[in-house]
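Chain letters run A, B, ... following the sequence lines, proteins first, then strands; residues in each count from 1.
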Amino acid sequence: MSPARRRLLFALPLAAAAAGGAGFYTILRRMGRDDYDPRALPSPLIGKRPPAFSLPGANGQPGFANTDLLALPQPLLVNWFASWCAPCREEAPVLRDLAAAGIPLWGIAYQDQPADLAAFLRQAGDPYARLAADASGLTAINWGVYGVPETYFIDKSGIVRLRHAGALTPEVVRGQIMPLFRRYS
Amino acid sequence: MIPELGHFCLAMAVALACAQGVVGIAAPGLRDPRALAATPLLALLHTAAIGLAFLALAWAGVVSDFTVENIADFSSAKTPLLYRITGIWGNHDGSILLWCLILSLCGAAVALGGQRLPASLRARVLGVLGLVSCGFLLFTLMVSDPFTRIWPPPLDGAGMNPILQDPGLAFHPPVLYAGYVGFSVAFAFAIAALIEGRIDAAWGRWVRPWVLLSWCFLTGGITLGSWWSYYTLGWGGYWFWDPVENAALLPWLTGTALLHCAIVVEKRESLKAWTVLLAIATFSLSLSGTFLVRSGILNSVHSFAAAPDQGLFILGLLGLAIGGSLLLFALRAPALAGGGVYAPISRESALILNNIFLCAIAAVVFTGTLYPPFVNLLFGAQLSVGAPFFNQTALPLAAPVILAMGVGPLLPWKRADLYPVLHRLWLAGAVAGLVFILVGATRHFIAALGLAGGAWVVGAALTELAGRAGLWRGRGLVLPPRAAFGAALGHIGFGVSVLGIAAMTLAAQKVVVLKPGQSATLGGYEWTLADLHDAPGPNYAQRVADLTVSEGGRVFLTLHPARRMFPGGVVTNDAAIHTNGWQDLYAVFADERDGGAELRLNRHPGAPEIWFGGLIMALGGLVSLSDRRLRVGAPFRKPLPGGAAA
């Protein structure tokens, strides 16, 4: 190996580390500005309207269809949940606070039995303005739901702007959902 | 008052570390004996200052001084004493202080234990350690100060995360950190060698005990962490390819490679630049592992508070440490000429093969861990890389390592003939083949391959040891040197872990909901829920399931998996594990509803061997470390050809 090539070869680790460092720097800067979330899960629905569906109501509340989401007075949250899921129980207080703050919250119960659902809502509280049941789970597949609970932010024209997989926490509400309400209201 | 003293000691430590760095690096050039003599003294003072700061924080924890934010956030009056102390490093700020303490202890160890080193080399090593320490102490002092006071103080602290309240976690971080940080000494030796522009056999012999010691700690730390997650998280797994686990695995892989190629430097004065690069890479990976994981970039189950501003500070420090050392490497390493020629089949080549495959595994794990954030950054696509990727890419790369590590130790240096070596290994090969056929007959081919591989490694290591002891010569036994004994133990431990991991692929799992009196069958056993009852705990309430396990109608075991309810609504599952040394029966009480208990039942064959193997590996390192060769027999440097003494 010629000395020049040897020098070049020995500089490679430095170049690789520099590229990595530049990448991390950009990521951290963007995290600081809140336009990069390392924990986000992708959703094919972001920027689009949800696919066609029409679900019956549950627990005595009216159901809804994709056409109900087309023209809204204000943005809303669609929350997928189930009575049998533990994180759904955990996020219930956050949902109650959201509803109490006047945020419209529509629920879809995923593969649930009416009796279990009623018991769950009695226990954890019912924060939903409308509540539909996806008993077959087909609508969930069309939405690309990864697992319950999941929450979608839908703007006034019915376009999905955010998908949050997992239980909502006060931090998520403060950091991600409230800014969207401010932007799209 | 005491926390302020601790804070002051921390500030003193920054100044002393800075002095240690500057004096240590500059001293050999000054040719002033006072500067050379001052460096070890500064290192000891710096250690004493951090030690006092750490004691001050521990004192605040023991007396539950809730005016200190760190204590108020992570401890409470009800927390038992042991956890009030260990809780200090169970959180971000405190754990970085522990990290700095261990780094300074490494410096003190070099100052005290390195008296046979040439004074200039010791000064430079201590100088590099001082500069690294100074950077991270500055970080502690400026953005993650563990002594911050709050006013008004809360009546009671928030308490520690219940999952962390466990003896396993009490000792896992210090051991793991000792491993991570221990590689700083190898790093400092590498940088000092680059500054001096000289690496020889003596350097290899000086650096090896440090590498070996930190490797033992890292192996022990990873083993403890894996065991802890196995028995506390209740997921029934031992390795999840989580970014935090990968962050510990990466320096272990490169550190293992370093351990092996430092032998080549010591014995054959070859592979010098590569050894230096591995020393830099291992410590760089330790640093990035510890700190980038905390920046929130990597998506992990280990939730450390994500703080991008702290992240930028750390990234700057990492850039200085890693970038600076690699720049020095690019400038000075091309001049390091390797000596020693060797044939393609020789001990040297076997060790190179070991290095290639270990580094390949490290590269795969590194890529898999960093792929999601970088793809997101470059292409805006979000994805996750999980266990399937790592299992399919890293495990096949482990196969050649397993094959080669049986043969390598039997090969002589310089030039070897493969045939006689393979001839000596016929028994190990036959045992491995037999295992493969026997297990393969049950159609579990992955398990059969893994078990055969484990048997091969253990068998080959035993053959090597028997050869060293003169078993084949028939002229009375001799005790092999401890280094050989330690190396064989290290390989045996790895083989035992491989056996355990392979056997774990045969694990059986079942989730059942049982009411008292009902039973389920799994793995040939009958599991019966006898009773559900409450039990008191020190600072939690407990719901316990009494689960009897019977085989053929005979009850031989009662397990007590429990759900612990902590104040504040956190519930942890305390898994009940019964081990007989070969297999674990593992039960988790996951949930209770409608008078029934949701239970996760597992039969884990070979699980204990995974951790036994890790402990045997670490023990092998310690045995090797106790070898006379590393303690006495001060290596002397050959004078340089030009006549100038180093």
Side-chain angles (χ1 to χ4, degrees), chain A residues 1-44 46-47 83-87 89-90 92-93 115-116 119-120 123 144 146 162-163 165-166 169 171-172 175, chain B residues 243 273-274 276-278 280-281 284 288 291-292 295-300 303 306-316 318-336 366 370 372-374 376-378 380-384 569-571 590-591 593-594 598:
Chain A
M1 205 181 332
S2 74
R5 283 185 59 186
R6 193 172 156 85
R7 287 201 165 273
L8 213 57
L9 187 71
F10 279 58
L12 272 182
L14 180 63
F24 280 125
Y25 176 74
T26 325
I27 291 177
L28 283 169
R29 283 293 300 277
R30 286 179 50 186
M31 275 167 71
R33 290 200 309 263
D34 253 346
D35 70 348
Y36 176 94
D37 178 12
R39 283 158 201 262
L41 272 171
S43 169
I46 303 283
S83 65
W84 42 261
C85 108
R89 220 169 271 268
E90 278 166 31
D116 294 345
F120 171 76
Q123 241 178 40
Y146 186 82
L162 171 94
R163 176 249 201 134
T169 60
E171 289 78 43
V172 175
Chain B
W274 174 243
V276 166
L277 183 61
L278 271 182
I280 296 176
S284 302
S288 341
F291 291 100
L292 283 180
S295 67
I297 289 180
L298 297 171
N299 195 353
S300 159
S303 56
D309 53 329
Q310 286 192 1
L312 281 177
F313 195 118
I314 287 172
L315 193 67
L318 291 185
L320 279 178
I322 301 174
S325 54
L326 287 177
L327 181 67
L328 194 62
F329 177 81
L331 293 177
R332 303 297 293 265
L336 294 173
F366 187 78
L370 289 184
F374 275 84
N376 190 348
L377 181 71
L378 292 175
Q382 289 165 334
L383 49 84
S384 67
V570 180
V571 178
D591 201 1
R593 55 169 183 262
D594 310 330
E598 182 185 325

**Q** Over all heavy atoms of both residues, which pair between B:Ala333 and A:Phe10 is shortest? Give the atoms and the distance, please.
**A** CB-CD2, 3.3 Å

**Q** Can you tell me how far CG of B:Leu315 sits from CZ of A:Arg29, rounded to the nearest 0.5 angstrom?
**A** 11.5 Å

**Q** Any heavy-atom pair between the side chains of A:Phe24 and B:Leu370 that's under 4.5 Å?
**A** yes

**Q** Would you mind telling me which of B:Ala330, B:Ser288, B:Gly316, B:Ser284 has the largest number of heavy-atom pairs within less than 4.5 Å of chain A?
**A** B:Ala330

**Q** Does any heavy atom of chain A fall under 4.5 Å from the side chain of B:Leu277, the backbone, both, or neither of them?
**A** side chain

**Q** Side chain from CB out, backbone as N, CA, C, O: work out which of these in A:Ala11 comes under 4.5 Å of a heavy atom of chain B, or both, or neither.
**A** both

**Q** Ignoring hydrogens and angles, write down the donor-acceptor pairs under 3.5 Å from the side chains of residues 322-329 of chain B, residues two or more places apart or on other chains.
**A**
unit_1: B:Ser325; atom_1: OG; unit_2: B:Ala321; atom_2: O; d: 2.8
unit_1: B:Ser325; atom_1: OG; unit_2: B:Ile322; atom_2: O; d: 2.9

